[in-house]
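What follows is a set of notes on a single structure, which appears directly below.
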Amino acid sequence: MFEFLSKLFGGFEGSKNRAKERLRLVLVHDRASLSPGLVEALKEELIEVITKYMEIDEEGLEVNFDKSDDSVALIANIPVKSVKRGMGEAPGGKRQSKGRGQQGGKKR
Amino acid sequence: MGKVIVITSGKGGVGKTTTTANIGTGLAALGQKVCLVDTDIGLRNLDVVMGLENRIVYDLLHVVEGQCRLRQALIKDKQFGDRLVLLPAPQTREKDAVTPEQMKELMKELREEYDFVLLDSPAGIEHGFKNAVAGADHAIVVTTPEIAAVRDADRIIGLLEAAELYDPQLIINRVRPGMVRRGDMMSIGDIDDILAIEILGVVPDDQDIIVSTNRGEPVVTNPKSRAGQAYRNIARRLLGEEVPLMNLEERKVMHWFKRLLSGEAQ
Ligand SMILES: Nc1ncnc2c1ncn2[C@@H]1O[C@H](COP(=O)(O)OP(=O)(O)OP(=O)(O)O)[C@@H](O)[C@H]1O
Ligand SMILES: [Mg+2]
C-alpha cells in the first residue's frame, strides 16, 4: 500500500527525485571504492575513539563497505583485547552500535 | 603568463568540444589572446566546430615530434585572426603517440604567448585524459543534468584532485527549463548539492548550437541565442567579473516578447 502510494506520488513529483536518489547511492559506492585514503583516515579516527573505552587489536581492525542493491553499509570488524574497567557506567553507555554493522568483533 | 585550462567530463558527448570552442571565442571577443588545443587524438573535432577544418596542415603530433615549428601548426580563426588560434589533434590511431611530458613542455611554451590556453579533453579517464590534464593549471568539468554524466563528473573531480588540479569549476550543459519545472530533470541546485564544486555556468539546451555547428561558427557570436548568452557570461566570469547565473526559468513567450520589445526579433 505504501509502495503503491509512493509510486503514485512519485509520478506526481516527476522523475528527478528518483534520479537524485539513485545518483546519491551510486556515488556512495563510487566514492567509497575510490578513496582508500578516506578509509584509512576513518580507521585512524575509529581507533582513537574506541581505545578510550577498550583495548583493541589495531592491526586486526578491518573497515569495509558492504554493497547490496539498494543500500550501502559500513562494516567494521574490531577485535577487542580487553574492556576497560568502569565501562558499564560510561557516559551515554551505548555499547552496541545501530545499523547493519557487524557487532562486537572477535573477543579473545 | 597565461592560464592553461582543461575542459573535461568523463562521460562522452556532454559538450566539451562545444564548450571549448565557445569559451575560447567568447574570450577572444573580449580582447584576450586565446589558443585552443584539441587533445582528442584520433577523433579530431574542435576544427569542425570552429569551422577551420580546411586549413589544417600540421597537428599536435607534428609539433611535439619536432616535424614543424609550433607557429606553423597554429591555425588562425576566421574572425579573430591570430588572437584566436587552434592546434588540431592528430588523426592517428595510436592514442599514446603524445606523452604527458610532451604536453607539459608544450603548455609552457603556449602560456608564454597566450592569455588563455584551453585544452579540449577526450572522453574517458585513460591516456588522453592524462595528456590533457598534464600541463593544465585549472580544470572545467562539463556535465549534463543526467545521472550518468553527473556520476562521471564526480569521478573526474576525484581524478583531477589526484592530479593536483584542485578547485575545478562546473558547467552544467543542456539544461531544459521546462523539464526542470515539471520535476523531470535535476535542477542546478540538485547537482550543486551532489557535486559541491563552484558553478562556472549553466547552458540551456539550444537548437542554435546545432545550427551554428553546421555553419562552423560558435554560437557565442550569435547575439540572439540564449546558449550564446550563457557562453558570453562564462567568458566574463573567467575574467573575474561577477555575472549572475542566467535565469533559465523564463518562459519562452516572455523571452520572445522581450526580444520583440528590444527590437531583436525578426
Ligand atoms: N547546449 C546544447 N544544446 C544543444 N545541443 C548541444 C548542446 N551542447 C552540445 N550539444 C550537441 O551535443 C553533441 C555533443 O557535443 P560535443 O561534441 O561538444 O561533446 P563532447 O563532450 O566534446 O563529445 P566527445 O566526448 O565525443 O568529445 C553535439 O552534436 C553538440 O552540437
Ligand atoms: Mg569532443
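Excluded from the calculations below are hydrogen atoms, water molecules and symmetry mates; all remaining heavy atoms, backbone and side chain alike, are included. The shown structure was predicted, so the numbers you read here are calculated from the model rather than taken from an experiment.
In terms of heavy-atom pairs under 4.5 Å with chain A, the best-connected choice from Val150(B), Asp193(B), Asp190(B), Ile191(B) is Asp190(B).
Look at Arg174(B) and Asp206(B) and you find no salt bridge, because none of the NZ, NE, NH1 or NH2 atoms lies under 4.0 Å from a carboxylate O. One finds a salt bridge joining Arg31(A) and Asp154(B) here, because a Lys/Arg side-chain nitrogen approaches an Asp/Glu carboxylate oxygen to under 4.0 Å. Salt-bridge annotation for Asp137(B) and Arg111(B): present, with a side-chain N of the basic residue lying under 4.0 Å from a carboxylate O of the acidic one. The pair Arg155(B)-Asp30(A) does not count as a salt bridge, with every side-chain nitrogen at least 4.0 angstrom from each carboxylate oxygen.
For Arg24(A), no part lies under 4.5 angstrom from a heavy atom of chain B. With a 4.5 angstrom heavy-atom cutoff, Met186(B) touches chain A via backbone and side-chain atoms both.
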